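Report on one structure; see the data block that follows.
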Amino acid sequence: MGLSVDQQVKRILDGVDEFLPSEGDLRARIESKGTLRVKLGLDPTHTDLTIGHAVVLQKLRDFQDMGHTAVLIIGDFTALVGDPSGRSKSRPQLTEADIAGFAKTFADQAGHILDMDKVEIRYNSEWLAKLSMRETIELTQKITVARMLERQDFSTRYKGEIPIYVHEFLYALLQGYDSVAVEADIELGGTEQKFNLLMGRQVMPDYGQEPQMVLTMPLLVGTDGVEKMSKSLGNYIALTETPRDMFGKVMSIPDNVIGNYFQLAVGRTADEVAAMERAMEQGQNPMDFKLDLAEAITARFHSPEIAKEERDNFKAAFSDRDKEAIAEEVIVPEHLIVRVPLPDAKQYTEDDLAFYAIINLGEGVEGVMLLDIVPAMVELGMVGTGNEARRLISQGAVKLSGRRISPDDKLVPIKDGELLEVGKKKAYRVHLQ
RNA sequence: GGUGGGGUUCCCGAGUGGCCAAAGGGGGCAGACUGUAAAUCUGUUGGCGACGCCUUCGGAGGUUCGAAUCCUCCCCCCUCCA
């Protein structure tokens, strides 16, 4: 608020990957118009936004804070077409009902970052659905097939004998038309959006408008540390992630992208990041930085208090290997429990006996309870199939009260409230009815 | 419309009559190790109350004791020609 033009330009360009055509144009437009219309389009193709989206949303928020108008476009129409950017195959076709559902949650999620009181939200079906065939054809006359094929997404697909559909060519043009419809001064996007953003620039003059400027933000790398964070690759951290998963997923990133995350996800400056990287090179444990990072990210999207709790939990669960902390409560259905009178139980070793709960089977007969372990793991949702359960057991991944279950144990002695561990990451507190 | 190549398990990609639930890689999962859910190494990766049975190699039929593999028709992708 009330920043000078120079200050604004500086803040706008902070952390961007590229600004086109030039800083001079940006300055000139702010000077002549005062308030700029800043466009960001999101296609509702999945249920949730990721912290990768947050990078660009935060930039949009910066514009808001300086008094500019944020125009958030929910691409309910373009989602139907499918953005080919960065894709090695066509998107699966979504139904309008899917998209409508996603669109609703998108606006809510964007609200975590944007000032929703001041944002202008538009659905692009508002104008795109109304385009006539004639208008559509006019739009397609703005670009040649050769230029379309130039873009890498298409050329690699073409060379790789992977189908490209005609409607995919339309995508960038439609996005460009969005800019016409909202009279954008600047459009934001990730670096992979450059082609689409420039299309707006190309199209706008034909509709008598001054071409928009283009601002791209660096991409946040996914949790695998290699690919771009994306929902289709499954390497993402959603904004709606539970604090536990959010913290955990940050901890799972490779060390070499810690800096990338600090800079993009929590807005640390390049200098701060460089200092951290130096410290790590000199032998400081990267895990400590990652804990700070995970806490900062969780704090940003949840709250500092929750983030602190998750940090403690993480240390307990993984550094100290405390399964109690992460155990999930489950109740075992009666039909998975076998009650055996004591004489039968005697065939088990003395070592086992320590784990038996002696119960009264009625009529003065004492017995023990045994759990049918494989079906139990399936029915309680710990694994997907019986084979998976058997596999885990034979790999020594399943433990009851710290004791490894062997593949020979079909029925295992069990007491109420015991801790069942399935691998390193999952644990269950087992309750009998 | 014609021509040549191709459609294999989550993905990529071998396999061209039985030894194929199908090589190899990726991804996933597990174990060991560790500084973490990183890296590395090793194992594992269709289902099933399982030394056997069921489902799977674009789809539908057929040949055969036996088919991912051969034949017929169909669908789809890519190439080149129109």
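Just the heavy atoms: all of them, side chains too, but no hydrogens, waters or symmetry mates, feed the values below. Chain identifiers are assigned alphabetically (A, B, ...) following the order of the sequence lines, protein sequences preceding nucleic acid strands; residue numbering begins at 1 within each chain. Keep in mind that what you see is a predicted model, and the values were worked out from it rather than measured.
Rounded to whole Å, the C1' atom of B/G26 lies 30 Å from the corresponding atom of B/C75. Comparing the C1' positions of B/G46 and B/C57 gives an interatomic distance of 13 Å, to the nearest angstrom. Distance noted for atom C1' between B/G31 and B/U16: 39 Å (whole Å). A distance of about 32 Å separates the C1' atoms of B/G13 and B/G52, rounded to the whole Å. Taking atom P on both nucleotides, B/U8 is separated from B/C70 by 16 Å, rounded to a whole Å. Taking atom C1' on both B/U63 and B/U55, the two are 23 Å apart, rounded to the nearest angstrom. Annotation: B/C51 and B/C33 have their P atoms spaced 35 Å apart (nearest Å). Atom C1' of B/C76 sits at a distance of 15 Å from the matching atom of B/A60, rounded to the whole Å.
A salt bridge links A/R339 to A/E334: at least one charged side-chain nitrogen sits closer than 4.0 Å to a carboxylate oxygen. Electrostatic pairing of A/D14 and A/K10 does not count as a salt bridge here, judged by no charged N lying under 4.0 Å from a carboxylate O. A salt bridge links A/K194 with A/E18: the closest approach of a Lys/Arg side-chain nitrogen to an acidic carboxylate oxygen falls below 4.0 angstrom. A salt bridge links A/K249 and A/E241; the closest N-O separation between the charged side-chain nitrogens and carboxylate oxygens is under 4.0 Å. A salt bridge is defined here as a Lys NZ or Arg NE, NH1 or NH2 lying under 4.0 Å from an Asp or Glu carboxylate O, and A/E328 with A/R429 fails to meet this definition.
Base pairing annotation: B/A22 forms no Watson-Crick or G-U wobble pair, as no partner gives both donor-acceptor distances under 3.5 Å. Look at B/U34: it lacks any Watson-Crick or wobble partner with both distances under 3.5 angstrom. B/A82 is unpaired under the criterion used here, namely a Watson-Crick or G-U wobble arrangement in which both key atom distances are under 3.5 Å. Taking a pair to require two hydrogen-bonding distances under 3.5 Å in either a Watson-Crick or a G-U wobble arrangement, B/G49 remains unpaired. Base pairing of B/G61 is made with B/C71, judged by Watson-Crick or G-U wobble geometry with both donor-acceptor distances under 3.5 Å. When both pairing distances are held under 3.5 Å, B/U9 makes no Watson-Crick or G-U pair with any nucleotide shown. Pairing of B/U44, defined by two Watson-Crick or G-U wobble distances under 3.5 Å, is identified with B/G28.
For the ring pair (Phe, Tyr, Trp, His ring centres under 6.0 Å) test, residues two or more places apart in sequence or in another chain that qualify with A/F247 are A/F314. Residues forming a salt bridge (charged side-chain N to carboxylate O under 4.0 Å, His left out) with A/D108 (at least two apart in sequence, or on another chain): none. By the side chain to side chain contact (heavy atoms under 4.5 Å, CB included) test, A/V398 pairs with A/M377, A/L392, A/I393, A/I405, A/L420, sequence neighbours left out. With sequence neighbours excluded, no residue forms a salt bridge (charged side-chain N to carboxylate O under 4.0 Å, His left out) with A/D288. Every salt bridge (charged side-chain N to carboxylate O under 4.0 Å, His left out) that A/E126 has, sequence neighbours left out, goes to A/R122.
If you check every strand for non-hydrogen atoms under 4.0 Å, A/R390 touches a base. Among the atoms of the strands shown, none is found under 4.0 Å from any heavy atom of A/P375. Across all strands shown, A/D372 has heavy atoms under 4.0 Å from base atoms, whether or not it also approaches the sugar-phosphate.
In this structure, the CE atom of A/M377 is 14 Å from the P atom of B/G49, given to the nearest Å. Per the geometry, CG belonging to A/N256 stands 18 Å off P belonging to B/U36, to the nearest Å. Regarding A/K315, its NZ atom lies at a distance of 14 Å from the P atom of B/G35, rounded to whole Å. The distance from atom CG of A/N235 to atom C1' of B/C11 is 14 Å, rounded to the nearest whole Å. Atom CD1 in A/I258 sits roughly 10 Å away from atom C1' in B/U36 (whole-Å rounding).
In this structure, B/A23 is classed as anti because its glycosidic torsion departs from zero by more than 90°.
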Could you list all N or O pairs between the protein and nucleotides 44-46 of chain B that sit under 3.5 Å apart?
none

Check nucleotides 20-24 of chain B for protein N or O atoms closer than 3.5 Å to its own N or O atoms and list the pairs.
none

Look for any protein N or O under 3.5 Å of an N or O in nucleotides 77-82 of chain B and output each such pair with its distance, or none.
from	atom 1	to	atom 2	distance (Å)
B/C77	O2'	A/E161	O	3.3
B/C78	O2'	A/E161	OE2	3.0
B/U79	OP1	A/Y158	OH	2.8

For nucleotides 37-41 of chain B, list the nitrogen or oxygen atoms of the protein found under 3.5 Å from its nitrogen or oxygen atoms, one pair per line.
from	atom 1	to	atom 2	distance (Å)
B/A37	OP1	A/R321	NH2	3.4

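Between the A/R404 side chain and the A/G396 main chain, a donor and an acceptor come within less than 3.5 Å of each other. In this structure a side-chain-to-backbone donor-acceptor pair under 3.5 Å is present from A/T223 to A/N235. A/D76 places a side-chain N or O within 3.5 Å of a backbone atom of A/N124 that can act as its donor or acceptor partner. A side-chain donor-acceptor contact under 3.5 Å links A/T50 to the backbone of A/G52. Not a single donor-acceptor pair under 3.5 Å links the side chain of A/R311 to the backbone N or O of A/E295.
Listed by first and then second residue, the salt bridge (Lys or Arg N to Asp or Glu O under 4.0 Å) pairs involving residues 250-264 of chain A are A/D255-A/K290 (not counting sequence neighbours).
With the nearest nucleotide of RNA chain B identified for both A/G423 and A/V374, A/G423 has the one nearer the 5' end. Checking A/E388 against A/K399, the closest nucleotide of RNA chain B that is more toward the 5' end is the one next to A/K399.
If you look at A/F262 and A/F289, their ring centroids are not closer than 6.0 Å.
For the segment residues 294-302 of chain A, the set of residues with a heavy atom within less than 4.0 Å of an atom of RNA chain B is empty.
In summary, the side chains of A/Q175 and A/D178 do not present any donor paired with an acceptor at a separation below 3.5 Å, with no hydrogens or angles considered.
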What donor-acceptor contacts under 3.5 angstrom involve side-chain atoms of residues 141-148 of chain A, with partners at least two apart or in another chain?
from	atom 1	to	atom 2	distance (Å)
A/K142	NZ	A/E138	O	3.3
A/T144	OG1	A/R147	N	3.2
A/R147	NH1	A/Q202	OE1	2.9

